[in-house]
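One structure is given below, encoded as structure tokens.
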Amino acid sequence: MVNTKTVPQSVQWNETSIKLLDQTKLPLETVFIDLFTIEDVWKSIVSLKVRGAPAIGITAAFGLALSAKSYEETNLEEFKEKLRKDKEHLASSRPTAVNLIWALNRLVTSIQDSTSVNEAKTTLTHEAIRIQAEDEAVCRQIGEHALELFKDGFKVLTICNAGSIATARYGTALAPFHLAAQQGKNLKVYASETRPVLQGARLTTWELLQSGVDVTLITDNMAAHTIIEKGIDAIIVGADRITANGDTANKIGTFNLAILAKTLGIPFYVAAPLSTFDMSLESGEEIPIEERNPEEITHLHGVRIAPEGVQVYNPAFDVTPNDLITAIITEKGILQGDLEVEIKNLFE
Ligand code: MRU
């Protein structure tokens with residue numbers, strides 16, 4: 001179990017509001033905010049107050065259930081129409097992580113057989129709670145499978161934050177480290193700071209320190225040197241969307257690490273739940289890549305570091321082709337070899 005005193009659950013359902021850990025304030029402040037409306041939820045997702053594919057999906061699910069509670073419609077068809085519009089609105093908050101639309105679709109599907117508006121409102125809430133509970137169980141299983149790959153004393157590099165606060169609990173790529181700390185297994189983590197928003201420096205290091213994990217911070221451009229000099233044994237990352245052939249979108253810079261892993265002869269692992277797979281897309285070329293505000297690059301904590309007027313390109317994600325991925329670690333086990341075939345078998 002992740003120590004909830006030191007690593008709080010980032011999304012908490014309060015029946016009339018959502019209590020959200022404001023990840024933009026970490027690591028300096030551990031602040032929770034209350035979301036009361038669909039607009040509060042939408043803005044929190046867009047502004048990265050909540051981040052990480054599973055946590056975004058969980059927040060959106062609670063947001064949709066919360067919004068539906070306030071509908072005054074008494075006609076079920078009108079209720080469903082309003083729900084559909086709110087779903088579209090929430091789905092527009094971030095384009096790359098598929099868990100967002102996956103969770104929203106689950107909510108809409110859950111009320112297919114509802115016979116009254118009141119029943120539908122209750123069902124939506126229950127489904128959102130179930131999504132969060134399932135994600136916790138799934139992340140624990142991912143952590144257990146990933147631990148099988150890491151021998152005692154391994155040094156492992158990661159990027160972004162695919163940790164407990166990016167999910168219901170435990171995380172995906174960070175789950176093995178939380179579990180190892182509980183079990184007394186010694187793993188040493190190198191966390192890439194993850195420009196431009198520094199999720200690695202701000203969130204991963206904070207979260208792992210809270211759990212008593214041995215973690216060392218590096219800047220993104222130190223990865224190749226660090227792999228050689230420190231003898232990194234493996235790289236593990238999370239995912240925002242995995243297509244049917246195993247191509248994987250994750251935080252910008254992940255693709256660089258996969259190339260390094262191949263060149264330097266170490267395994268490159270992706271850890272993700274089945275909710276991150278998008279079987280409607282054949283390959284990574286079809287994944288929409290979010291481009292974010294140039295200020296994330298031209299400014300650091302509100303202070304300008306690049307000249308006024310400079311052109312900026314700020315993609316938030318990149319796609320790692322399947323041939324650079326050693327294995328994908330899911331709650332159902334470890335996929336390796338021909339990823340396209342393995343994924344097909346998994347979903348059949
Ligand atoms: O833009 P972010 O911070 O939401 O991106 C997060 C990532 O890329 C994570 O690695 C991914 O969502 C997996 S979180 C378990």
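In listed order, ligands and their atoms are each counted from 1.
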**L21 and T30: CA distance, side-chain angles, deciding distance, side chain to side chain contact (heavy atoms under 4.5 Å, CB included) verdict** = CA-CA 7 Å; L21 177 66; T30 309; 3.8 Å; yes

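Looking at G52 next to ligand 1, an N or O pair under 3.5 Å apart turns up. For ligand 1, the polar-atom distance check against I159 finds no nitrogen or oxygen pair separated by under 3.5 Å. By the 3.5 Å distance cut-off applied to N or O atoms, K251 is counted among the residues near ligand 1.
Of all the heavy atoms of A53, the ones lying under 4.0 Å from any atom of ligand 1 are found in both the backbone and the side chain. Only the side chain of T167 comes within 4.0 Å of ligand 1, counting heavy atoms alone; its backbone N, CA, C and O stay farther away. Contacts between A239 and ligand 1, counted as non-hydrogen atom pairs separated by less than 4.0 Å, involve the backbone only.
For the 3.5 Å distance criterion, the side chains of N250 and T248 fail to qualify, holding no donor opposite an acceptor. A donor-acceptor contact closer than 3.5 angstrom is absent between the side chains of S283 and N245. For H145 and E331, the side-chain atoms include no donor-acceptor pair closer than 3.5 Å. A donor atom on one side chain and an acceptor atom on the other are not found under 3.5 Å apart for E291 and N314. Side-chain atoms of T96 and D240 include no donor-acceptor pair closer than 3.5 Å.
Remark: among candidates R51, E290, R241, the nearest residue to atom 3 (O) of ligand 1 is R51, based on non-hydrogen atoms.
Between R195 and E193, no side-chain nitrogen of the basic residue sits less than 4.0 Å from a carboxylate oxygen of the acidic one, so the salt-bridge criterion is not met. The pair R202-E207 fails the salt-bridge criterion, with no side-chain N (NZ, NE, NH1 or NH2) lying under 4.0 Å from an Asp/Glu carboxylate O.
Every atom of ligand 1 is numbered from 1 in the order shown, and the set under 4.0 Å from a heavy atom of R94 is 1 (O), 2 (P), 4 (O). Near Q199, with a cut-off below 4.0 Å to any heavy atom, the atoms of ligand 1 are 1 (O), 2 (P), 3 (O).
By the 4.0 Å heavy-atom criterion, A97 is excluded from the residues contacting ligand 1.
Classification of the F177-F150 ring pair by plane angle, with boundaries at 30° and 60°, yields parallel.
For atom 9 (C) of ligand 1, the nearest protein heavy atom (residue, atom name, distance) is N250 OD1, 3.5 Å. D240 OD1, 3.3 Å is the protein heavy atom nearest to atom 11 (C) of ligand 1. The shortest contact between atom 15 (C) of ligand 1 and any protein heavy atom is with T172 OG1, 3.2 Å.
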